[in-house]
Peer 1: 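Mind having a look at this structure? Questions to follow.
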Amino acid sequence: MAIPARNGRVFWGAALVTLAVDVVTKWAAERHLHEHVPVNVVGDVVRFTLAYNPGAAFSMSLGPFSRYIFGAFAMVALVVLWRLYRQTRPGELLLPLGLGLAWGGAAGNLVDRFRSPRGVVDFIDIGTDAWRFWTFNVADSGVTVGAIILAWFLSREESGGRPASDATANPSGGVAPGAG
């Protein structure tokens, strides 16, 4: 099945922009921040604090092999996300967007796992006073937003309300006869 260029532009556009912004911001964080020294960006609510995470989300660790195990999981995720993208319907926008954001984020954190034994570079620190969210990065944001889009899309599909593609939607908001 040939994939329309439109889906490719959405998927690869989201993936490559997420990956590029992630790599550049992590480079800037390592160059301009000192580890564990917060720099206020928006008062105390948004700070940049350089940290390295050798594990996975929320600092989950599998010991000294975490780098390799989570790197392998990321490579599997990249293949799965790409294969899901290849199954998107012509003209779909949200599904390839969500898959592309997740792919770019997974690729960004995978680059860090190969690049440094210290782990994934995290630097975005949000919270107030003693309550702080986990420190994260652009790749984590791409994975999270992509997962939210995918969950929404799949929940709509399961309830029978799959969003119509641009190619099959008519101006009244319904699906054109014979579409689907």
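For reference, positions follow the sequence shown, starting with 1.
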Peer 1: Hey, any chance Ile148 and Trp134 share a hydrophobic cluster, counting ILVMFWY side chains that come within less than 4.5 Å of each other, even indirectly?
Peer 2: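 No; tracing contacts between hydrophobic side chains, which count when under 4.5 Å, never links both residues.
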
Peer 1: Do Val39 and Thr49 have side chains that approach each other closer than 4.5 Å (heavy atoms only, starting at C-beta)?
Peer 2: no

Peer 1: Is Asn40 reaching over with its side chain to a backbone N or O of Val46, donor-acceptor style, under 3.5 angstrom?
Peer 2: no

Peer 1: So, Ser116 side chain and Asp112 main chain: donor-acceptor pair closer than 3.5 Å or not?
Peer 2: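 Here the side-chain-to-backbone pair does not exist.
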
Peer 1: How long is the span from the CZ atom in Phe48 to the CG atom in Asp125, to the nearest 0.5 Å?
Peer 2: 10.0 Å

Peer 1: How about Asn7 and Tyr85: do any of their side-chain heavy atoms sit closer than 4.5 Å?
Peer 2: yes

Peer 1: Should Leu110 and Val76 be counted in the same cluster of Ile, Leu, Val, Met, Phe, Trp and Tyr side chains packed under 4.5 Å apart?
Peer 2: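 Yes, one cluster joins them.
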
Peer 1: State plainly whether the residues Glu30 and Arg115 are in salt-bridge range, i.e. N to O under 4.0 Å.
Peer 2: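 Judged by the 4.0 Å cut-off on N to carboxylate O distance, Glu30 and Arg115 do form a salt bridge.
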
Peer 1: Any side-chain heavy-atom pair from Val120 and Tyr52 closer than 4.5 angstrom?
Peer 2: no

Peer 1: Treat each ILVMFWY residue as a node, draw an edge where side-chain heavy atoms are under 4.5 Å apart, and state whether Phe11 and Val80 are in one component.
Peer 2: yes

Peer 1: Could you grab the distance from atom CG of Leu93 to atom CZ of Phe153, nearest 0.5 Å is fine?
Peer 2: 10.0 Å

Peer 1: If you look at every heavy atom in Ala14 and Leu97, which pair is closest and at what distance?
Peer 2: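 Looking at all heavy atoms of both residues, the closest pair is CB-CD1, 3.8 Å.
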
Peer 1: Below 4.5 Å, heavy atoms only, C-beta onward: do Val79 and Met75 meet side chain to side chain?
Peer 2: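 Side-chain contact under 4.5 Å: no.
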
Peer 1: Fit a plane to each ring of Phe133 and Phe136, take the angle between them on a 0 to 90° scale, and name the class: parallel (under 30°), tilted (30 to 60°) or perpendicular (over 60°).
Peer 2: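 Taking Phe136 first and then Phe133, their aromatic rings stand perpendicular (interplane angle over 60°).
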
Peer 1: Show the nearest heavy-atom pair for residues Ala106 and Ala74, with the distance to one decimal.
Peer 2: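 Shortest heavy-atom contact: O-CB, 4.4 Å.
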
Peer 1: Main chain of Leu78, side chain of Trp103: is a donor-acceptor contact present, judged purely on distance under 3.5 Å?
Peer 2: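 Yes; judged by distance alone, with no hydrogens or angles, the pair exists.
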
Peer 1: Any luck finding a side-chain donor-acceptor pair between Asn53 and Asn137 under 3.5 Å?
Peer 2: no

Peer 1: Give the cluster check for Ile126 versus Val37: same hydrophobic cluster or not, with ILVMFWY residues linked at side-chain heavy-atom distances below 4.5 Å.
Peer 2: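 Ile126 and Val37: separate clusters.
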
Peer 1: Please examine the side chains of Leu50 and His36, heavy atoms only from C-beta on, and report whether any two atoms are closer than 4.5 Å.
Peer 2: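 His36 vs Leu50: side chains apart.
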
Peer 1: Is the shortest heavy-atom distance from the side chain of Ile149 to the side chain of Leu101 under 4.5 Å?
Peer 2: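 In short, these two side chains touch, coming nearer than 4.5 Å.
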
Peer 1: Give a yes or no answer on whether the side chain of Arg132 reaches the backbone of Gly127 with a donor-acceptor pair at less than 3.5 Å.
Peer 2: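 Side chain of Arg132 to backbone of Gly127: a pair is present.
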
Peer 1: Output the distance between atom CZ (Phe73) and atom CG (Asn109), rounded to the nearest 0.5 Å.
Peer 2: 15.0 Å

Peer 1: Using modelled atom types only, decide if a donor and an acceptor are shared between the side chain of Glu92 and the backbone of Arg89 within a distance under 3.5 Å.
Peer 2: yes

Peer 1: With Asp22 as reference, evaluate Val138, Asp140, Val121, Val111 under the side-chain contact (heavy atoms from CB on, under 4.5 Å) test and give the passing residue.
Peer 2: Val138

Peer 1: Classify the side-chain pair Thr135/Asp122 by whether it contains a donor and acceptor separated by less than 3.5 Å.
Peer 2: no

Peer 1: Could you grab the distance from atom CZ of Arg156 to atom CG of Leu94, nearest 0.5 Å is fine?
Peer 2: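 Answer for the CZ-CG pair, Arg156 versus Leu94, is 10.0 Å.
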
Peer 1: Check whether any side-chain heavy atom of Leu84 lies under 4.5 Å from a side-chain heavy atom of Thr88, and answer yes or no.
Peer 2: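 No, too far: nothing below the 4.5 Å cut-off.
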
Peer 1: Are Trp82 and Val143 linked, directly or through intermediate hydrophobic residues, by side-chain heavy-atom contacts shorter than 4.5 Å (ILVMFWY only)?
Peer 2: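 Looking at the clustering, Trp82 is in a separate group from Val143.
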
Peer 1: Which pair of heavy atoms, one from Ala139 and one from Lys26, lies closest together, and at what distance?
Peer 2: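 Shortest heavy-atom separation between Ala139 and Lys26 comes out as CB-NZ, 4.2 Å.
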
